[in-house]
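This report refers to the structure that appears directly beneath it.
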Amino acid sequence: GEKMEIIYKDRRKVNFEMVAIGGVFSYDGSLYMSTQEATSTSTGELYNAVNLADGESTYFDEDAVVIQVRAQLIVS
């Protein structure tokens, strides 16, 4: 499939807790979207973000330093 074009204009470092739900951020070179906190019913693991490249759910501590990204989803 088509790859998403990623252009970084403004690299603002913030704590994860400052990213709004639905907000996109970069961490360790990967893009994530913040989600409502959820608990896996099968493993009991907490999740509060999803990796936009592979759809994997993951968890960030409130004080994790991330780069806030103003993202645009363009449907064509």
Subject >> Set of residues satisfying side-chain contact (heavy atoms from CB on, under 4.5 Å) with respect to D63, sequence neighbours excluded >> reply: N15, D61
Subject >> Inter-residue atom distance R12.CZ - S26.OG, 0.5 Å rounding >> reply: 14.0 Å
Original post:
Looking only at heavy atoms, what is the nearest atom pair of G55 and V50, with distance?
Top reply: O-CG2, 3.4 Å
Original post:
How is the hydrophobic cluster of Y32 composed, in terms of its other members, when Ile, Leu, Val, Met, Phe, Trp and Tyr link through side-chain heavy atoms under 4.5 Å apart, directly or indirectly?
Top reply: V14, F16, M18, V19, F25, Y27, F60, V66
**OP:** Tell me who clusters with L46, hydrophobic residues only, linked when side chains sit under 4.5 Å apart either directly or through other members.
**Re:** Y59
**OP:** Any pair with a residue in residues 34-55 that passes ring-ring contact (aromatic ring centres under 6.0 Å, His included), sequence neighbours left out, goes on the list, sorted by first then second residue, please.
**Re:** none
Original post:
Is there a side-chain contact between T58 and N51 (heavy atoms, below 4.5 Å)?
Top reply: no
Subject >> Residue pairs fulfilling side-chain hydrogen bond (donor to acceptor under 3.5 Å, both in side chains) with at least one residue in residues 33-43, sequence neighbours excluded >> reply: S40-S42, S40-T43, T43-E45
